[in-house]
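This is a predicted model, so every value here is computed, not measured.
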Amino acid sequence: MNLRIAAPDDAAALADLGARSFVAKFGYMYTPEDLGNFLDESHSAKKTAKEIADPAMRVVLAEETGKLLGFCKLVLACGWPEHAQGSKVVELKQLYTDPDATGRGIGSALMDRALEIAREHGAEEMQLSVWSGNEGAQKFYARYGFGKVADIHFMVGDQRDDEFLYARML
């Protein structure tokens, strides 16, 4: 497996993987209209291309023999300043793996790299949000020293999802 920073020509494949991963894990929770609108807004090639080009973000890809296996998006800014403990905080925005490639250490490799990038950026803390019902992800983040610091929410169309804000000092 190879890890690298995303390039502009990765946008379409990255958007596709993001949409497929989200639908596989959470698609059942939403009306078709809410899900479709969310995917159009959050996982379009156009939005993904903007994120790749944004100097305040780092998008890391995991690939093997040219196939995209997963990615993470790191925002080099604080997502929830009202809950920050450090003076320089970054946000892990997404960490997704291909639904057909889970259990291969992809998430761990991406998390390790995200933590390295955060430290290289001089961050003192990393924040992330996780759906309150996603116990597997909560256990994964806990293994990395993240703990719940607040109850927050995430909107998908008209549906409000209860989420947990997790954080750890670096």
Side-chain angles (χ1 to χ4, degrees), residues 1-26 37-64 66-99 101 105-131 134 137-138 140-141 144-146 149-150 152-156 161 163-170:
M1 179 176 22
N2 179 49
L3 297 181
R4 67 175 175 87
I5 299 294
D9 60 350
D10 294 314
L14 186 56
D16 176 68
L17 177 56
R20 285 188 301 110
S21 297
F22 187 87
V23 169
K25 187 73 175 178
F26 306 112
N37 290 337
F38 175 78
L39 294 175
D40 288 345
E41 293 170 11
S42 298
H43 293 285
S44 69
K46 183 178 179 180
K47 177 165 191 221
T48 302
K50 284 183 182 179
E51 291 172 334
I52 291 169
D54 186 345
M57 287 189 76
R58 299 293 182 272
V59 181
V60 180
L61 307 181
E63 56 188 7
E64 188 174 73
K67 180 179 181 335
L68 183 59
L69 300 176
F71 67 89
C72 67
K73 296 178 181 177
L74 189 65
V75 179
L76 302 177
C78 185
W80 296 273
E82 67 275 19
H83 300 294
Q85 298 173 33
S87 61
K88 191 167 188 181
V89 184
V90 298
E91 176 190 355
L92 182 64
K93 194 73 169 168
Q94 295 172 344
L95 193 158
Y96 288 4
T97 60
D98 187 310
I106 300 162
S108 294
L110 288 166
M111 177 57 82
D112 289 342
R113 185 65 185 120
L115 290 167
E116 286 174 15
I117 291 170
R119 288 183 188 106
E120 290 166 2
H121 182 66
E124 296 175 347
E125 180 182 3
M126 183 182 285
Q127 298 177 330
L128 61 91
S129 69
V130 60
W131 177 50
N134 192 346
Q138 292 168 31
F140 173 82
Y141 295 127
Y144 278 88
F146 287 86
V149 296
I152 57 174
H153 69 276
F154 183 78
M155 296 299 295
V156 175
D161 293 337
E163 297 235 338
F164 300 144
L165 177 62
Y166 273 39
R168 71 162 273 186
M169 300 305 288
L170 299 177

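- To the nearest 0.5 Å, the span separating OG1 on T97 from NZ on K25 amounts to 9.0 Å.
- Here the CG-CG distance, from D161 to N134, works out to 11.0 Å after rounding to the nearest 0.5 Å.
- R119 meets the salt bridge (Lys or Arg N to Asp or Glu O under 4.0 Å) test with no other residue; sequence neighbours excluded.
- Applying the salt bridge (Lys or Arg N to Asp or Glu O under 4.0 Å) rule to pairs touching residues 5-14 yields R4-D10, sequence neighbours excluded.
- Across M1 and G105, no two heavy atoms sit closer than the pair CE-O, 4.1 Å.
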For this session: Starting from the C-alpha separation in whole Å, work towards a yes-or-no answer on side-chain contact (heavy atoms from CB on, under 4.5 Å) for F140 and S108.
Result: CA-CA 9 Å; F140 173 82; S108 294; 3.7 Å; yes

For this session: Please test F146 against M111 for side-chain contact (heavy atoms from CB on, under 4.5 Å), starting from the C-alpha separation and ending with a verdict.
Result: CA-CA 12 Å; F146 287 86; M111 177 57 82; 4.0 Å; yes

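- Not counting sequence neighbours, the partners of Q94 by the side chain to side chain donor-acceptor pair (under 3.5 Å) test are K73.
- Interatomic distance, L3 CG to E63 CD, rounded to the nearest 0.5 Å: 9.0 Å.
- In plain terms, the two heavy atoms of A101 and I106 that are nearest each other are O-CD1, 3.3 Å.
- Residue W131 holds its CH2 atom at 12.5 Å from CZ of F154, rounded to the nearest 0.5 Å.
- Residues I5 and I117 meet the side-chain proximity criterion, which asks for heavy atoms closer than 4.5 Å.
- Every residue was checked against the salt bridge (Lys or Arg N to Asp or Glu O under 4.0 Å) condition with E82, not counting sequence neighbours, and none meets it.
- The side-chain heavy atoms of L68 and L61, taken from C-beta on, include a pair separated by under 4.5 Å.
- Residue A150 comes nearest to H83 through the heavy atom pair CB-CE1, 3.5 Å, listed as atom of the first residue, atom of the second, then distance.
- Looking at Y96 and F22, their side chains come closer than 4.5 Å, going by heavy atoms from C-beta outward.
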Exercise. Can you list the steps and then say if V60 with F71 is a side-chain contact (heavy atoms from CB on, under 4.5 Å)?
Worked result: CA-CA 5 Å; V60 180; F71 67 89; over 6 Å; no

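- Rounding to the nearest 0.5 Å gives a distance of 9.0 Å between CG of L115 and SG of C72.
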N/O donor-acceptor pairs under 3.5 Å from side chains in residues 163-170, not counting sequence neighbours:
{"from": "E163", "atom 1": "OE1", "to": "S129", "atom 2": "OG", "distance (Å)": "3.0"}
{"from": "E163", "atom 1": "OE1", "to": "V130", "atom 2": "N", "distance (Å)": "3.4"}
{"from": "R168", "atom 1": "NH1", "to": "Y144", "atom 2": "O", "distance (Å)": "2.7"}

With a cut-off of 3.5 Å and sequence neighbours excluded, list every side-chain donor-acceptor pair involving residues 85-92.
{"from": "S87", "atom 1": "OG", "to": "E124", "atom 2": "OE1", "distance (Å)": "3.0"}
{"from": "S87", "atom 1": "OG", "to": "E124", "atom 2": "OE2", "distance (Å)": "3.2"}
{"from": "K88", "atom 1": "NZ", "to": "H121", "atom 2": "O", "distance (Å)": "2.8"}

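- Residues forming a salt bridge (Lys or Arg N to Asp or Glu O under 4.0 Å) with D98 (at least two apart in sequence, or on another chain): R20, K67.
- When all heavy atoms of R58 and L76 are compared, the pair lying nearest together is NH1-CD1, 3.3 Å.
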Side-chain donor-acceptor pairs of residues 40-49 under 3.5 Å, sequence neighbours excluded:
{"from": "S42", "atom 1": "OG", "to": "F38", "atom 2": "O", "distance (Å)": "3.4"}
{"from": "S44", "atom 1": "OG", "to": "K47", "atom 2": "N", "distance (Å)": "3.0"}
{"from": "T48", "atom 1": "OG1", "to": "S44", "atom 2": "O", "distance (Å)": "2.8"}

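- The distance from the CG atom of L110 to the CG atom of L74 is 11.5 Å, given to the nearest 0.5 Å.
- Under the salt bridge (Lys or Arg N to Asp or Glu O under 4.0 Å) criterion, R113 pairs with E116, E120, not counting sequence neighbours.
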